[in-house]
Amino acid sequence: MNSRIESQRCLQRIEKKLDIEKLLGAGSVPFLLRLGQHFPRLYDLLSNVYHDVEDFDQVMESLVKTLVDSYQDRPERLKKKDDQRLDDPQWFKSENMVGMACYVDLLANDLKTLKSRIPYLSELGISYLHLMPLYKSPEGDSDGGYAVSDYRTVNPALGTMDDLRDLSEALSEAGISLVLDFVFNHTSDEHEWALAARSGDPKYADFYYLFDDRSVPDAYETTLREIFPQVRRGSFTYLEDMDKWVWTTFNSFQWDLNYSNPSVFSAIASEMLYLANAGAEVLRLDALAFIWKELGTTCENRPNAHKLIQAFNCCLQIAAPAVVFKSEAIVHPDDVVKYIEPEECQLSYNPLLMALIWNSLATRKTRLLNQSLSHRFAIHPDCSWVNYARCHDDIGWTFDDGDAAAMGLNGYDHRLFLNRYYTGGFEGSFATGLGFQFNPENGDRRVCGSLASLAGLEQAIEAGDNSLVDMSVARILLIHSIILSIGGIPLLYAGDELAMLNDYSFQDDDTKKHDARWVNRPRITEEALAAAARPGTPQNRINAALRQMISLRKANAVFGTGKTRIISTGNDHLFAYQRVHPEAENLAVICNFSDHPQILDQGVLQSMGLGGRAIELISGEHVNFHSTGSLNLEPFQFQWFRTDPA
Ligand code: GLC
Ligand code: GLC
């Protein structure tokens, strides 16, 4: 029997048994339509992963029951949103999209106060707000909330689920899409599933990877990458009370979920839909690369991980189609793109652009940036990058060694150089940053620091040197200009709009001092807001210029839908690209990464559509390239030219 017929039989049986029509009443029509449309694929994906599970039909039945229940609980407001988004599935491509990520407590203490900050966000132009994990989690160290003890309870210090629903509604009214974390690779060791496993319940023991001795962990570890080698060596943690080992890719209190057990898939699907029903419009798939384990592999980016993510996406298509997925795959660029498909993750962080911008700032050269992006920037036309320069995490140098070799660079050595450059081990560096997760085995580590400190503002202010301040301001604006214009959703990290420096206070906090990422998670203080509001300060210059760029983005359709062409400039210090919009005027962006003036050749300008009239959006100046010839750029200068047919 072919799988189409099998899946149809399975669905008919389930529909009859659950009597969905009766359960959902008048609202059953759109649900049943979508179920009919997506069930065959869901069945295919899951039967592929769980082919050796005995009662597979039972797995599907309990999953469909979850979908029905969640749809029943979905507020009318969100069902309307479902219809809107189905009519406009490319909504996230708009030039209006500008993102921010923040910790609720660091921006506004709690959810209620955050609601009162919506005008601040709107005025800045924010239309996508990622609230870092705000769920119940262990006291003390909870990996910034990424150790979730209960997906359905808000961390009491931040408020309640009702506060979250209320906030999501208010955000939606203000045109801001709420983004929540879907932390589905692991739970905290205090989640009720983990507690049940600990107390010996075999059903929940099977929710995690528990081992009686080291033999299996040892076998896996021969091929695993260590993510947090400073937390503990290896990826497993010994549990004294159980006399067992548990798989913990990240911190020892974050237990990896066992997706080879289909009950885990169903249980997590239910949690996911709960978050969708709380008003999330985007779910950020935390650590998605790690969800499938296979002996003899790195246990990252496995084919079954992709199938499971697609199956989760299918569940959304059926029960909450307004919601899209955003991939957090901070892995090799070949693997990053494999998550980006309309049926898998419609959005993805762009860690390569992030890393290579910092590389170009350190080296003043754009060759690796240009070479890598010229063949790696294009993704599925119905999907979108989320471009960022800094986030709550560390910077990992995830470029491809082959791309580096083509530029005459040895990837390993170059990473060591970058780590030194950004963490104080390189004389003459402008950056102030901290190392993270040094691995004694291979000498690897990663980099922490705020955008402004890594780009030189901290050192410049300390030195009291105005010309250094000017240079760091120019560097910071150069970074923002690329993130805002290259194509995709720009994502700011809260505090970067105020050019906030490193915050070393974590070093005095016992629950944080071992995790250097807190240096780049500052509290948004009144002082920081005041510094950015006071004319003449570097923070004010950065804030004002950033606001101007955001407004320009929102006023020009070419920043939204359209294609990006990376241009070879023939100048090792310049980075250039063209945005081509199907209807609006084209955009050409040119950036100088050097601390010396540079010239861009007239021939190259013409190849980017700059042969006649154009307007430079930032200065508002009109230019006629016909008569100007080549283009001069000051150190760290960037220009946004919109072609002008008139
Ligand atoms: C993601 C988060 C990071 C966290 C890890 C484990 O990578 O961004 O902050 O430590 O997942 O949840
Ligand atoms: C690794 C993981 C990424 C995580 C980060 C946290 O890079 O790939 O998922 O955010 O570690 O440090």
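Indexing begins at 1, ligand by ligand and atom by atom, following the structure's order. If you're wondering where the values come from, they're calculated on a predicted model, not measured in any experiment. Numbers here are sequence positions counted from 1. Side chains are part of it too, since the values below use all heavy atoms of this structure and drop only hydrogens, waters and symmetry mates.
- By the 6.0 Å and 45° rule, Arg415 stacks over the aromatic ring of Phe399.
- Proximity of Met132 to ligand 1, defined as any heavy-atom pair under 4.0 Å, is not found for any part of the residue.
- In the displayed structure, Lys293 atom NZ is contacted under 6.0 Å by more than 12 heavy atoms of other residues, nucleotides or ligands.
- Ring geometry for His186 against Phe250 counts as tilted: the plane angle lies between 30° and 60°, on a 0 to 90° scale.
- Every atom of ligand 1 with a heavy atom of Asp393 under 4.0 Å away is listed here by number and element: 2 (C), 3 (C), 7 (O), 8 (O), 9 (O).
- Relative orientation of the Trp247 and Tyr220 rings is perpendicular, given thresholds of 30° and 60° on the angle between their planes.
- Between Ile489 and Ser384, the shortest heavy-atom distance links the atoms N-OG, 4.0 Å.
- Short contacts between ligand 1 and Arg517, defined as distances under 4.0 Å to a heavy atom of the residue, involve ligand atoms 3 (C), 4 (C), 9 (O), 10 (O).
- Those atoms of ligand 1 that come under 4.0 Å of a heavy atom in Asp286, given as number and element, are 1 (C), 2 (C), 6 (C), 7 (O), 8 (O), 11 (O), 12 (O).
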**Q.** side chain to side chain contact (heavy atoms under 4.5 Å, CB included) evaluation trace for Phe312 with Leu285
**A.** CA-CA 11 Å; Phe312 280 124; Leu285 270 56; 6.0 Å; no
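- Those atoms of ligand 1 with a heavy atom of His186 less than 4.0 angstrom away are 6 (C), 12 (O).
- Below 4.0 Å from some heavy atom of His392 lie the following atoms of ligand 1, by number and element: 2 (C), 3 (C), 8 (O), 9 (O).
- Between Arg233 and Glu441, at least one side-chain N (NZ, or NE/NH1/NH2) sits under 4.0 Å from a carboxylate O, which counts as a salt bridge.
- With a 4.0 Å heavy-atom cut-off, ligand 1 is reached by the side chain of Phe228 but not by its N, CA, C or O.
- Note on ligand 1: Asp143 sits in its first shell, one or more heavy atoms being nearer than 4.0 Å.
- Within the listing of ligand 1, atoms 2 (C), 8 (O) sit less than 4.0 angstrom from a heavy atom of Arg284.
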